[in-house]
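Each chain gets a letter, A, B and so on, in the order its sequence line appears, and its residues count up from 1.
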Protein chains: 2
Amino acid sequence: MNAADPVPLTATTTYRLGLLGALAGARFTERIGSLRLKPKDVALLGLLQSDGPTAQLTVARRLGVAPSLVVTVADRLEVLGAVRRLRDQSDRRRQQLVLTDTGQELLTRCAAIARELDEELTAGLDPAARQALDAALGTLTTGPGLPS
Amino acid sequence: MNAADPVPLTATTTYRLGLLGALAGARFTERIGSLRLKPKDVALLGLLQSDGPTAQLTVARRLGVAPSLVVTVADRLEVLGAVRRLRDQSDRRRQQLVLTDTGQELLTRCAAIARELDEELTAGLDPAARQALDAALGTLTTGPGLPS
DNA sequence: TATTGTTATACTCTATAACTATA
DNA sequence: TATAGTTATAGAGTATAACAATA
C-alpha cells in the first residue's frame with residue numbers, strides 16, 4: 001500500500017463502518033419492533049437509565065435531536081408505560097422524563113437482542129479479532145465528540 | 001464479565017457499530033455534498049466501477065433498493081455526466097448504466113474524502129488498534145450476506 | 001403474459017416555525 | 001421578554017403501485 005496504490009473507497013474504515021452500521025441498525029430496528037420500540041425510543045430510554053430523570057429539552061440536546069421529536073418519542077413511550085412525565089414543581093414549565101420499571105425491563109430486553117445480534121454479526125471473526133474489534137470500537141465511542 | 005454482569009446495551013458491538021456508522025455516514029454525506037453527490041450515488045458509481053456496465057434492475061437488486069430509486073439516482077448522475085444510459089440492442093427494454101470518465105474521477109475524489117475521514121475517525125487509536133480494526137471490518141464486509 | 005424502466009403516490013423520519021403556558 | 005413544551009407544517013429519502021414499451 002503506497003502512494004501509487006491508494007486505499008480504494010470500499011476498503012476505507014469510513015465506508016465499512018457505514019455499511020456495517022447500517023446493517024446492524026436495520027437488524028436491530030427490525031427486532032425491537034416486536035417490543036413496539038423504535039431506535040430513538042431506545043436512545044431515550046438509555047439516556048434516562050444513565051442520567052436519571054431528565055427534562056425534555058435536555059434530552060433533545062443530549063441526543064442531538066429537535067425538541068419536537070422528543071415530544072413524539074416521549075408520547076410513544078408514555079403509552080407503553082416505559083416513561084412517565086413528572087411536572088417540575090419549582091418550574092412548572094419543565095417536565096422530567098422518568099424511567100419506569102417497565103422501561104427498565106424493555107431496556108434489558110433490548111440489550112439481550114443486541115447481544116444476540118453481536119454473535120451473528122461477528123460470527124466470522126476468531127476470538128482475538130472479535131476482542132480487538134470490541135476494544136477499538138469501545139475506544140472510539142467512549143472518546144470525545146460523539147452525539148447520541 | 002460473567003452471567004450476572006451481562007454486557008450493557010451501550011457496550012455491544014451492535015450499538016457501537018450503529019453509532020459510529022451513523023457518524024461516519026453523516027460526515028461523509030456532508031463532504032460529498034461539495035461534489036453534488038449523495039450516498040446512493042456513490043454506491044451506484046462504486047457498483048459500476050466494480051461490475052462494469054449494468055442494467056438498472058440488476059443495480060436495484062445488487063444495492064437492495066427499489067427499481068424506482070435507481071431511476072432517480074441514475075437521472076441525477078446522468079445530469080452530472082457521471083453515467084450514461086446505453087440502450088441494449090438485443091433487448092431494447094434494457095438500459096445498461098455505464099460509468100464515464102467523469103464518474104471515475106468523482107469516485108476517486110470520494111475515496112480521497114473517505115481516507116481523510118478515516119484519519120479523523122481513528123485519530124484516537126494507536127497504530128496496532130487501527131490495524132486490528134481495519135482487519136476485522138474487512139473480514140466482516142468481505143464476508144457473506146451483505147447488501148450494497 | 002412477463003419483464004424493464006418509468007411515473008405517481010404515499011409513508012417514515014426528522015426538522016423548522018408558530019403557538020401556549022409559565023417564568 | 002424568554003423559556004419549556006407542544007402542535008402544525010414541510011422536506012428528504014425511500015417504497016409500493018400503476019403504467020408504457022418491449023419481449
Side-chain angles (χ1 to χ4, degrees), chain A residues 18-19 21-23 25-30 32-33 36-44 47-48 51 53-79 83-98 147-148, chain B residues 18-19 21-23 25-33 36-44 47-48 53-79 83-98 147-148:
Chain A
L19 200 61
L23 180 66
R27 291 194 184 168
F28 185 69
T29 300
E30 188 185 9
I32 62 176
R36 307 204 187 215
L37 290 176
K38 304 192 174 202
K40 293 293 182 200
D41 303 347
V42 179
L44 175 40
L47 179 65
L48 296 184
D51 287 14
T54 308
Q56 292 187 193
L57 213 56
T58 306
V59 169
R61 280 189 291 255
R62 296 274 273 109
L63 295 184
V65 300
S68 59
L69 180 57
V70 176
V71 175
T72 306
V73 172
D75 284 350
R76 195 161 49 219
L77 290 172
E78 209 173 27
V79 169
V83 304
R84 277 198 312 261
R85 281 175 160 104
L86 279 193
R87 189 62 72 176
D88 186 324
Q89 289 310 326
S90 65
D91 181 347
R92 310 230 335 282
R93 292 172 302 183
R94 245 184 210 108
Q95 304 202 118
Q96 303 285 339
L97 295 179
V98 185
S148 176
Chain B
L19 201 59
L23 180 66
R27 291 193 184 169
F28 185 68
T29 300
E30 189 185 7
R31 301 200 192 181
I32 61 175
R36 309 207 187 211
L37 290 177
K38 304 193 173 204
K40 293 295 182 197
D41 303 348
V42 179
L44 175 41
L47 180 64
L48 295 186
T54 308
Q56 291 188 194
L57 211 57
T58 306
V59 169
R61 280 189 291 255
R62 297 274 273 109
L63 295 183
V65 301
S68 59
L69 180 57
V70 177
V71 174
T72 306
V73 173
D75 283 351
R76 195 161 50 220
L77 290 172
E78 210 173 27
V79 168
V83 304
R84 277 198 313 258
R85 282 175 160 105
L86 279 194
R87 188 63 70 175
D88 187 325
Q89 289 309 326
S90 65
D91 181 347
R92 311 227 337 278
R93 292 172 302 183
R94 248 188 206 108
Q95 304 203 119
Q96 304 285 338
L97 295 179
V98 185
S148 176

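- Atom CZ of Arg36(B) is surrounded by 12 or fewer heavy atoms from other residues, nucleotides or ligands within 6.0 Å.
- The side chain of Lys40(A) contributes an N or O atom lying less than 4.0 Å from OP1 or OP2 of dT14(C).
- Considering only side-chain atoms of Val71(B), the nucleotide from dT6(C), dT14(C), dT16(C) that sits closest is dT6(C).
- Nearest-nucleotide positions on DNA chain C place Lys38(A) closer to the 5' end than the other of Arg87(A) and Lys38(A).
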Take Asp88(B) and Gln95(B), measure what side chain to side chain contact (heavy atoms under 4.5 Å, CB included) needs, and give me the verdict at the end. CA-CA 6 Å; Asp88(B) 187 325; Gln95(B) 304 203 119; over 6 Å; no

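- The closest donor-acceptor contact from the side chain of Arg94(A) to the backbone of Arg87(A) lies at 3.5 Å or more, if one exists at all.
- Between the C1' atom of dT22(D) and the CD atom of Gln89(B) lies a distance of 13 Å, rounded to the nearest Å.
- Distance from the side chain of Arg92(B) is smallest to dA23(D) among dT6(D), dA23(C), dA23(D).
- For Arg85(A) and dT6(D), the shortest distance from a side-chain N or O to OP1 or OP2 is below 4.0 Å.
- Note that the OG1 atom of Thr58(B) and the CG atom of Leu47(B) stand 9.0 Å from one another [nearest 0.5 Å].
- The nucleotide whose nearest atom lies closest to any side-chain atom of Arg94(B) is, among dT4(C), dT6(C), dG5(D), dT4(C).
- Within the nucleic acid shown, Val65(A) comes within 4.0 Å of sugar-phosphate atoms alone, with no base atom in reach, counting heavy atoms only.
- For Arg93(A), the side-chain atoms get nearest to dA23(C) when compared with the rest of dA23(C), dT14(C), dT6(D).
- The distance from atom CG of Asp91(B) to atom C1' of dA21(D) is 11 Å, rounded to the nearest whole Å.
- The interatomic distance linking Arg61(A) (CZ) with dT3(D) (C1') rounds to 10 Å, in whole Å.
- Mapping Thr72(A) and Asp88(A) onto DNA chain C by nearest heavy atom places Thr72(A) at the nucleotide closer to the 5' end.
- Rounded to whole Å, atom P of dC13(C) lies 16 Å from atom CG of Leu63(A).
- Between Gln56(A) and dT6(D) there is a side-chain polar atom (N or O) within less than 4.0 angstrom of OP1 or OP2.
- Put simply, CD on Gln95(A) is 14 Å from C1' on dT3(D), counting in whole angstrom units.
- The phosphate of dG13(D) has neither OP1 nor OP2 within less than 4.0 Å of any side-chain N or O from Arg76(B).
- Note: CD1 (Ile32(B)) to C1' (dG13(D)) measures 14 Å, nearest angstrom.
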Evaluation steps, side chain to side chain contact (heavy atoms under 4.5 Å, CB included), between Arg85(B) and Asp75(B): CA-CA 9 Å; Arg85(B) 282 175 160 105; Asp75(B) 283 351; 2.9 Å; yes

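- In the set dA15(D), dT4(C), dA4(D), dA4(D) carries the atom at the smallest distance from any side-chain atom of Leu57(A).
- A straight line from CG of Leu69(B) to P of dA17(D) spans 17 Å, rounded to a whole angstrom.
- As rounded to whole Å, 13 Å separates atom P of dG13(D) from atom CG of Leu37(B).
- Scanning atom types as modelled, one donor and one acceptor separated by under 3.5 angstrom connect the side chain of Ser68(A) and the base of dT16(C).
- Within 6.0 Å of the CZ atom in Arg84(A), the count of heavy atoms belonging to other residues, nucleotides or ligands does not exceed 12.
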